[in-house]
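Reckoned from all heavy atoms, side chains included, excluding hydrogens, waters and symmetry mates. In listed order, ligands and their atoms are each counted from 1. The model shown is predicted, which means the values in this text are computed figures rather than measured ones.
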Amino acid sequence: MIKIEGVSKIYNLGKQNEFYALNNASLEIDNGELVAIVGKSGAGKSTLMHIIACIDDYEKGKYTLGGQDVGKLGDSEKSLIRNQWIGIVLQDFALLERYSVLENVMIPFYFSPNKVKRSEQKKRAMELLKELSMEHLCNQKVNKLSGGQKQRVAIARAMITEPKILLADEPTGALDEKTSEEIMNAMRLMNKKGVTVIIVTHDMSVANQCERIIEIKDGCIYE
Ligand code: ADP
Ligand code: MG
């Protein structure tokens, strides 16, 4: 499903401070996998994640997502493919703090090209919140929640448009061990439903809960 062939992300190309954040990286990830991407700070994990998510461009190589050559797509086509394929969870949650849990989960519908009826939006959001044991907090303002609860809201928001791939960049980075466990359970739950889950982490106890571990060092991929 995800096929990265000899991809390089080069900052300041041709200048004296030219820098390869990804260097000739190749990687294939199949539908339904649960994958961890590990590596030290600055290794290129987020860079790889942003390329997979069609957020960042790359300078060399080829990236195919579901058979489509991403490098040949324009910005609007890329945002369409992203909308259709990708859900993202970030370390700092990036939620609207003064809005309710339910409102936060429904945000992606404002940007989705597929029109879904408001009642259906709500139904889907409530189902996801139920799966994540957050349904009782649906009307709570996000700023009243704990870190683990916020991250579960972020997971529900990422999943609401039913993406095939769930990307998480250090989803447990701001959380204690017990709460990390809770978030990993939520990630595994999404994976069991058939979603391809890719988790960036520098925590080996998180990585060891995945089926496959990919390591990045200085922009190069090792497995
Ligand atoms: P990680 O997520 O593994 O910590 P990143 O993918 O964020 O690492 O970054 C990889 C490398 O690319 C780092 O050394 C970082 O300094 C460099 N980098 C990231 N963004 C830029 C930029 N806009 N210009 C130059 N270098 C950058
Ligand atoms: Mg990073």
Tell me: protein heavy atom nearest [atom], and distance?
{"atom": "atom 18 (N) of ligand 1", "answer": "Tyr11 CE1, 3.5 Å"}
{"atom": "atom 1 (P) of ligand 1", "answer": "Gly42 N, 3.5 Å"}
{"atom": "atom 6 (O) of ligand 1", "answer": "Thr47 OG1, 2.5 Å"}

Between ligand 1 and [X], is the shortest N or O to N or O distance under 3.5 Å?
{"X": "Gly44", "answer": "yes"}
{"X": "Phe19", "answer": "no"}
{"X": "Ser46", "answer": "yes"}

In terms of side-chain geometry, is the basic nitrogen of [X] or [Y] positioned less than 4.0 Å from the acidic oxygen of its partner?
{"X": "Lys72", "Y": "Glu77", "answer": "no"}
{"X": "Glu33", "Y": "Arg212", "answer": "yes"}
{"X": "Lys78", "Y": "Asp57", "answer": "yes"}

Please tell me whether Ser100 and Glu103 have a donor and an acceptor in their side chains that are separated by less than 3.5 angstrom. yes

We want to know whether Ser205 and Asn208 form a side-chain donor-acceptor pair, criterion being a heavy-atom distance below 3.5 angstrom. no

In terms of atom number and element, which parts of ligand 1 are under 4.0 angstrom from non-hydrogen atoms of [X]?
{"X": "Ser41", "value": "4 (O)"}
{"X": "Ala21", "value": "12 (O)"}
{"X": "Lys40", "value": "3 (O)"}

To the nearest 0.5 angstrom, please state how far the OH atom of Tyr20 sits from the CD1 atom of Ile10. 3.5 Å

Nearest 0.5 angstrom please: Glu177 CD to Asp203 CG, how far? 8.0 Å

contact_flag His202 ligand 1 heavy-atom lt 4.0 Å: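 Under 4.0 Å: no for His202.
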
Tell me whether the count of non-hydrogen atoms from other residues, nucleotides or ligands lying under 6.0 Å of NZ in Lys193 goes above 12.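 Counting neighbours around NZ of Lys193, more than 12 heavy atoms of other residues, nucleotides or ligands fall under 6.0 Å, so yes.
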
Below a 4.0 angstrom heavy-atom separation, can you tell me which part of Met49, side chain or backbone, both or neither, approaches ligand 1? neither

Does the protein place a non-hydrogen atom closer than 4.0 angstrom to atom 13 (C) of ligand 1?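 Flag for atom 13 (C) of ligand 1 set to true, protein heavy atom closer than 4.0 Å.
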
Between Glu181 and Gln209, does a side-chain contact (heavy atoms from CB on, under 4.5 Å) hold up when you go through it step by step? CA-CA 10 Å; Glu181 190 64 44; Gln209 296 179 54; 3.8 Å; yes

Please determine if the Mg ion (ligand 2) has an N/O/S atom from Ser46 lying under 2.8 Å away. yes

